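Counting starts at 1 for both ligands and their atoms, in listed order. Every value quoted in this text rests on a predicted model; they were computed, and no experiment measured them.
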Amino acid sequence: MRVGLLTGGGDCPGLNAAIRAVVKHGEGTYGHSIIGFRNGWRGVVEGDVMPLGRQHIRNVLPVGGTLLGTARFHPNAEDGGIDAVLSTLEAERIEALICIGGDGTLHAASKVADAGVKIVAIPKTIDNDVSGTDLSIGFHTAVNIATEAIDRIHTTAESHNRVMVVEVMGRHAGWIAINAGIAGGAELVLTPEDPFDIDQVVKFLKHRHRAHANFSIVVVAEGAEPRRGGSMDFTTQLGRFGEIVAGAVGDRLAHEIAERTGFDTRVTILGHVQRGGSPTPTDRILGSRFGVAAIDAVVEGRTGVMTALRGEDVVLVPLSEVAGKPKRVPPDLIRTAQVLA
Ligand code: F6P
C-alpha cells in the first residue's frame with residue numbers, strides 16, 4: 001500500500017517517535033511505502049511530498065519537533081482546499097492517510113474523511129485537550145518543562161519575597177497549568193475552565209503573605225480569563241487558528257496583582273519553551289504506540305478513526321466523535337490544585 005503521513009498544527013516533542021513507528025512498522029512489517037507530506041495539510045494541498053524510509057528515521061527518538069515540518073493550515077478553510085487534497089492524494093496514489101495533529105488538524109481530517117479519504121488520526125498537542133484520549137503526544141514533556149520552571153522560580157521567589165506569575169500554554173483547557181501547578185506546588189492555578197475572581201486572588205495573596213509566607217507562585221494558563229462582571233475587564237484575543245499571543249493574560253494579571261496588593265510581582269511567560277526540546281520517555285512511548293496502532297488500523301481497514309489511550313490500552317475511536325470537542329480538566333482535578341494552595 002501507499003500510505004500518506006502528515007503532522008499538522010503546532011509542533012511538540014514526541015512527533016518523531018510516531019513518524020518513526022509508522023515508517024518502521026509500515027515498511028518493515030508490511031512492506032508499505034510511506035509518503036510524507038511536508039508542513040501539514042499545506043503539503044497535501046501543494047503536493048509537497050517526501051518519501052520516508054528507514055534512512056530518514058534513524059536517531060530521531062530524542063529529537064523534538066517534527067522531521068516532516070508542520071503548519072497551521074486547514075484545507076477545509078481554504079477555497080478549493082479539499083479538492084486540492086483529493087487531487088494530490090489521487091496523483092500520489094495514496095490509499096490511506098495518517099494525520100498526526102491536534103484539534104484543528106483532526107477537524108480538517110474529519111472533513112477530508114467525509115470526502116471519502118481513508119484516514120487514521122493520531123492525537124498530539126501539549127495542551128492535552130483532544131477528547132477521546134487520556135493523553136496526547138507532547139503533553140507529558142510540556143508538564144515536565146513547566147514543573148521544572150516552577151521549581152526554579154520557587155527559589156528566587158522566596159529569596160526576593162515576591163509574587164511570581166507563571167504563564168503556561170493551554171488555550172481551551174488548563175491541563176498543563178493544573179498538572180505543573182500541583183507538581184510544582186503553586187499557590188494558585190488559574191485555568192480556562194474556571195474563570196477567576198481577581199478580588200479573591202488578591203484576598204488570598206494578602207492573607208497568605210500576612211499569615212504565613214512571604215512569596216507566592218501563581219500559575220495561569222494562557223486561556224484563563226477573569227469572570228464576567230468582576231472588577232478586572234479582560235478578554236483573550238485569538239488568532240485565525242485559535243492561537244493566543246503568549247503573555248497577554250500573564251502580563252495583565254501580574255500588573256493587577258502588583259497594583260492591588262502592593263507586593264513586588266514578576267511574570268514569566270514560558271511560551272514555546274514548553275513545545276521544544278527532547279521528548280520524555282512517556283511521549284516517545286506514546287508516539288511509538290500510536291504509530292504502530294495507526295498502521296495496524298490501516299492494514300485492518302479500520303479508518304475514519306483516531307488512536308487513543310484509554311487507561312493502559314491503545315484503542316481506536318471514531319474521528320467524528322472527537323473532532324471539534326475540546327477535552328477540559330475535570331472539576332476534581334481543579335479542586336485538588338485548589339485545596340493544596
Ligand atoms: O499547540 C497548542 C499551542 O501550543 C497552544 O497552547 C498555543 O496557544 C498555540 O499552540 C501557539 O501557537 P503558535 O505556535 O502558532 O504560536
Atoms of ligand 1 close to Gly170 [distance to a heavy atom under 4.0 angstrom, numbered from 1]
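In order of numbering, the contacting atoms are 6 (O).
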Check ligand 1 against Ile244 and write out every atom of the ligand that is under 4.0 Å from a heavy-atom position of the residue.
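Reading through ligand 1 atom by atom, the close ones are 8 (O).
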What pair of heavy atoms forms the shortest contact from Ile126 to Phe139, and how long is it?
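Taking every non-hydrogen atom into account, O-CD1, 3.2 Å.
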N/O donor to acceptor pairs below 3.5 angstrom from side-chain atoms of residues 329-341, sequence neighbours left out:
unit_1, atom_1, unit_2, atom_2, d
Thr336, OG1, Asp332, O, 2.9
Gln338, NE2, Asp194, OD2, 3.1

Which residue and heavy atom of the protein sit nearest atom 7 (C) of ligand 1, plus the separation
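Protein heavy atom with the smallest distance to atom 7 (C) of ligand 1: Glu222 OE2, 3.1 Å.
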Shortest protein heavy-atom distance from atom 12 (O) of ligand 1, along with the residue and atom involved
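Going atom by atom, the protein heavy atom closest to atom 12 (O) of ligand 1 ends up being Arg72 NH2, 2.8 Å.
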About how many Å separate CD1 of Ile100 and OG1 of Thr70, when rounded to the nearest 0.5 Å?
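Nearest 0.5 Å value for the OG1-CD1 distance: 9.5 Å.
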Does ligand 1 have an atom under 4.0 Å from some heavy atom of Gly9?
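Under 4.0 Å: no for Gly9.
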So which pairs with a foot in residues 7-34 pass ring pair (Phe, Tyr, Trp, His ring centres under 6.0 Å), sequence neighbours left out?
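Checked against ring pair (Phe, Tyr, Trp, His ring centres under 6.0 Å) - neighbours excluded - the pairs reaching residues 7-34 are His25-Tyr30, Tyr30-His32.
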Could you work out, for atom 3 (C) of ligand 1, the closest of His272, Arg275, Lys124 by heavy-atom distance?
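Checking each option, the heavy atom nearest atom 3 (C) of ligand 1 is found in Arg275.
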Asp48/Arg42 salt bridge by N-O under 4.0 Å criterion:
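Looking at Asp48 together with Arg42, the answer is no, because their closest N to O distance does not fall below 4.0 Å.
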